[in-house]
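What follows is a single structure, written as structure tokens, with notes after it.
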Amino acid sequence: MQTPVLQDTMAAVAAVDLTKVYGSGDTAVRALDGVTVGFARAQFTAIMGPSGSGKSTLMHCLAGLDTATSGQALLGGTDLTKQSDKVLTKVRRERIGFVFQAFNLLPQLTAAQNITLPLELAGRKPDHHLYAHLTETLGIVSRLDHRPGELSGGQQQRVALARALVSRPEVVFADEPTGNLDSRSGAEVLLFLRNSVRELGQTIVMVTHDPGAAAYADRVVLLADGRVAGEIDRPDTASVTDALQGLAAAR
Ligand SMILES: Nc1ncnc2c1ncn2[C@@H]1O[C@H](COP(=O)(O)OP(=O)(O)OP(=O)(O)O)[C@@H](O)[C@H]1O
Ligand SMILES: [Mg+2]
């Protein structure tokens, strides 16, 4: 089945009628219920919606971290739902960057080693210019020899951002990247993400609960009960807050 989203060459990532059912029988949960949505290249998109609406599930299926029940999860021309585990591991390593709420750095490695590990696993050498640009922009040059346990939360998340971007991935998926940060560190992370889209042409998809964080994005996609429930172009805090209240009222 050809759909507009498939033909949209601007989309770096797309879900086509994507469905994910956890469990079976009486206890089955339809976490995604026919989601069709595209994420444009060099755009910063926020995914929002109530707890349990399927935000993380959508991101995990699009990142090859979870397998969909039906539909397509497209990264460039690749349908991730058709790939073997071996290919998915390679795709995650070479074509996707991840930032998580809990940073997910390896505690025994230094910041520098954490940043370059995914590239090394992929048998690639870091681009020194980009590595220098990222670590300087993120203000972590003097922290590169430290282990995560010696860094603040904000610093750890900035290391995780450098790790996600240094491979020039086709897309960066960020699941509540500011969820564990104070407002100032959170704002720094969001500014960095937005500037990466503007200056490096990075494609970013971020899940957040915070309307203020979503206002840094170019576009907001709203999910409710595993379905796309709307979207906002050029969001600001007020328009996002209104849309979320509308979703809550409709339940
Ligand atoms: N591994 C799993 N097994 C069973 N059910 C799951 C699993 N993961 C998620 N679910 C269910 O799928 C639905 C969507 O979950 P998901 O984690 O995608 O929501 P979310 O929008 O990210 O929520 P939150 O904002 O709380 O992070 C929920 O009802 C959840 O309970
Ligand atoms: Mg979630």
Side-chain angles (χ1 to χ4, degrees), residues 13-39 44-75 80-81 85 88-89 92 96-105 153 156-157 160-161 164 171-181 183 186 189-190 193 204-217 219-232 235 237 239-251:
V13 188
V16 181
D17 204 13
L18 199 65
T19 296
K20 172 69 183 183
V21 180
Y22 288 110
S24 59
D26 288 350
T27 57
V29 175
R30 195 166 277 267
L32 295 178
D33 191 9
V35 170
T36 298
V37 64
F39 299 103
F44 184 8
T45 310
I47 303 179
M48 301 195 81
S51 183
S53 58
K55 303 180 297 294
S56 295
T57 305
L58 175 61
M59 193 174 270
H60 292 164
C61 289
L62 289 174
L65 286 167
D66 201 349
T67 47
T69 307
S70 64
Q72 293 173 293
L74 300 169
L75 173 69
L80 301 184
T81 66
D85 284 347
L88 287 178
T89 302
R92 286 195 298 267
I96 300 175
F98 294 99
V99 184
F100 299 97
Q101 183 173 5
F103 320 138
N104 293 21
L105 300 174
Q156 289 183 63
Q157 195 60 308
L161 287 168
V171 58
V172 170
F173 288 113
D175 199 347
E176 299 190 45
T178 59
N180 274 327
L181 302 179
S183 57
V189 164
L190 292 161
L193 290 173
I204 298 178
V205 180
M206 169 181 79
V207 169
T208 181
H209 280 112
D210 175 5
Y216 283 81
R219 174 184 176 225
V220 172
V221 171
L222 296 160
L223 288 189
D225 297 325
R227 296 186 190 165
V228 176
E231 60 174 272
I232 309 167
T237 306
S239 61
V240 174
T241 305
D242 284 353
L244 289 175
Q245 280 168 354
L247 277 188
R251 304 190 99 206

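Predicted model only: the values in this text are computed from it and were never measured. Every number for a ligand or one of its atoms is a count from 1 in the order of the listing.
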Between the Mg ion (ligand 2) and Met59, is there an N, O or S atom separated by less than 2.8 Å? no

Look at atom 30 (C) of ligand 1 and say whether a protein heavy atom is found at less than 4.0 angstrom from it. no

Would you say Val29 and ligand 1 have an N/O pair spaced under 3.5 Å apart? no

I'd like to know if the side chain of Gln157 and the backbone of Pro177 have a donor-acceptor N/O pair within less than 3.5 Å. yes

Side-chain donor or acceptor of Thr81 paired with backbone N/O of Gln72 under 3.5 Å: no

Looking at Val207, Val228, Val37, which one forms a side-chain contact (heavy atoms from CB on, under 4.5 Å) with Ile47? Val207

Any nitrogen or oxygen of Gly49 lying under 3.5 Å from a nitrogen or oxygen in ligand 1? Just yes or no. no

What's the shortest distance from atom 4 (C) of ligand 1 to any protein heavy atom, and which residue and atom give it? Tyr22 CB, 3.4 Å

Going by the order shown, which atoms of ligand 1 are within less than 4.0 Å of some heavy atom of Ala31? 12 (O), 13 (C), 14 (C)

Any sub-3.5 Å donor-acceptor pair from Lys20's side-chain atoms to Val29's backbone N or O? no

Do other residues, nucleotides or ligands put more than 12 heavy atoms under 6.0 Å from Arg227 CZ? no

At the 4.0 Å heavy-atom cut-off, does Gly23 count as touching ligand 1? no

At what distance, to the nearest 0.5 angstrom, does CG of Leu247 lie from CD of Gln245? 10.5 Å

Regarding Tyr22 and Asp66, is there a side-chain donor-to-acceptor distance under 3.5 Å anywhere? yes

Exactly one candidate in Val99, Val172, Val220, Leu190 meets side-chain contact (heavy atoms from CB on, under 4.5 Å) with Met206; the answer is Leu190

Could you tell me, atom by atom, which parts of ligand 1 come under 4.0 Å of a heavy atom of Thr57? 14 (C), 15 (O), 16 (P), 18 (O)

Residue, atom name and distance, where the atom is the protein heavy atom closest to atom 26 (O) of ligand 1: Ser51 OG, 2.6 Å

Ligand-side contact atoms (ligand 1) for residue partner His209, heavy atom cut-off under 4.0 Å: 25 (O)

Need the ligand 1 atom indices (1-based, order shown) with element for anything under 4.0 Å from a heavy-atom of Ser53. 19 (O), 21 (O)

Starting from atom 17 (O) of ligand 1, locate the nearest protein heavy atom and write down its residue, its atom name and how far away it is, to 0.1 Å. Ser56 CB, 3.8 Å

More than 12 heavy atoms of other groups within 6.0 Å of Asp33 CG: yes

Closest to atom 27 (O) of ligand 1 among protein heavy atoms sits Glu176 OE2, 3.9 Å

For atom 21 (O) of ligand 1, grab the closest protein heavy atom and report residue, atom and distance to one decimal in Å. Lys55 NZ, 2.8 Å

Contacting atoms of ligand 1, where contact means under 4.0 angstrom from a heavy atom of Gly54: 14 (C), 18 (O), 19 (O), 20 (P), 21 (O)

Output yes when a side-chain donor or acceptor of Arg92 lies under 3.5 Å from a complementary backbone atom of Gly64, and no otherwise. yes

Should one rank Pro50, Gly52, Ala28 by closest heavy-atom distance to atom 23 (O) of ligand 1, which comes out on top? Gly52

